[in-house]
Amino acid sequence: MTLEEMTYRLRGINPQVKKKYQALFNSTENKERAQVVLDDLMMRFKFYGAKPTTDALQLAKDAAYREVIEYILTMSARISDDTLTEIEKFINR
């Protein structure tokens, strides 16, 4: 097992699954289509900022939407955990 695989396992990420995400979203033949899908998800689920609300149910939904998109971006190596922390700080300020 490589150091990279050990790191992923410590984070609860299956390294074989991560490689599949990377192949799907980062391969040269899929990258353009993958970007369209990611852009659509980000717009559809308001990744960069939903309307302000005090509705607890909507807040939970918005957080869940962001978490799924963040997971896809992390697994496909489009963003790192450091970037996710910065996005969280921006969203929650």
Side-chain angles (χ1 to χ4, degrees):
M1 181 181 311
T2 67
L3 179 59
E4 181 182 28
E5 289 174 333
M6 284 178 39
T7 303
Y8 290 147
R9 290 205 181 198
L10 287 173
R11 292 182 179 171
I13 297 172
N14 182 329
Q16 285 83 22
V17 173
K18 182 166 178 63
K19 287 178 184 174
K20 300 294 182 187
Y21 271 85
Q22 290 171 330
L24 180 64
F25 286 96
N26 287 340
S27 68
T28 53
E29 62 271 359
N30 290 335
K31 200 163 192 163
E32 186 177 323
R33 285 180 286 180
Q35 190 61 53
V36 170
V37 169
L38 288 170
D39 290 344
D40 180 62
L41 289 171
M42 289 177 181
M43 292 301 294
R44 168 73 173 91
F45 296 106
K46 301 169 185 83
F47 183 72
Y48 291 113
K51 285 184 192 176
T53 183
T54 57
D55 178 15
L57 182 59
Q58 189 60 49
L59 288 170
K61 283 181 181 180
D62 291 344
Y65 297 152
R66 280 193 307 273
E67 189 172 330
V68 170
I69 294 169
E70 289 170 357
Y71 181 79
I72 293 169
L73 293 172
T74 301
M75 290 295 281
S76 64
R78 296 257 176 153
I79 59 175
S80 68
D81 287 335
D82 293 336
T83 305
L84 287 176
T85 303
E86 291 302 313
I87 290 170
E88 266 182 28
K89 284 179 188 175
F90 175 77
I91 289 171
N92 294 323
R93 61 180 170 144

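Atom set for the values below is all heavy atoms of this structure, side chains included, hydrogens, waters and symmetry mates excluded.
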Checklist entry - Hey, what do you get for CG (Leu38) to NZ (Lys31), rounding to the nearest 0.5 Å? => result 11.0 Å
Checklist entry - Between atom CD of Glu70 and atom CD of Glu67, what is the distance when rounded to the nearest 0.5 Å? => result 7.0 Å
Checklist entry - Among all residues two or more places apart in sequence or in another chain, which pass the side chain to side chain contact (heavy atoms under 4.5 Å, CB included) test with Val17? => result Asn14, Tyr21, Met75
Checklist entry - Can you name the residues that form a side chain to side chain contact (heavy atoms under 4.5 Å, CB included) with Ala64, not counting sequence neighbours? => result none
Checklist entry - Is Phe47 linked to Leu59 within one hydrophobic cluster, defined over Ile, Leu, Val, Met, Phe, Trp and Tyr using a side-chain heavy-atom separation of less than 4.5 Å? => result no
Next on the checklist: With rounding to the nearest 0.5 angstrom, report the OG to CD distance, Ser27 to Glu32.
Outcome noted: 12.0 Å
Checklist entry - Excluding sequence neighbours, so at least two apart, what forms side chain to side chain contact (heavy atoms under 4.5 Å, CB included) with Leu41? => result Val37, Phe45, Ile69, Ile72
Checklist entry - Residues two or more places apart in sequence or in another chain: which of them pass side chain to side chain donor-acceptor pair (under 3.5 Å) with Gln58? => result Asp62
Item to check | Sidechain-backbone polar pair: Lys20 side chain, Pro15 backbone, donor-acceptor under 3.5 Å | outcome: no
Checklist entry - Taking Asn26 for the side chain and Ser76 for the main chain, is one N or O donor matched with an acceptor at less than 3.5 Å? => result yes
Checklist entry - Going through the distances and angles, do Tyr48 and Met43 end up as a side chain to side chain contact (heavy atoms under 4.5 Å, CB included)? => result CA-CA 8 Å; Tyr48 291 113; Met43 292 301 294; 5.9 Å; no
Item to check | Listed partners of Lys46 passing side chain to side chain contact (heavy atoms under 4.5 Å, CB included), at least two apart | outcome: Ala50
Checklist entry - Leu73 and Met42: which non-hydrogen atoms are nearest, and at how many Å? => result CD1-CE, 3.5 Å
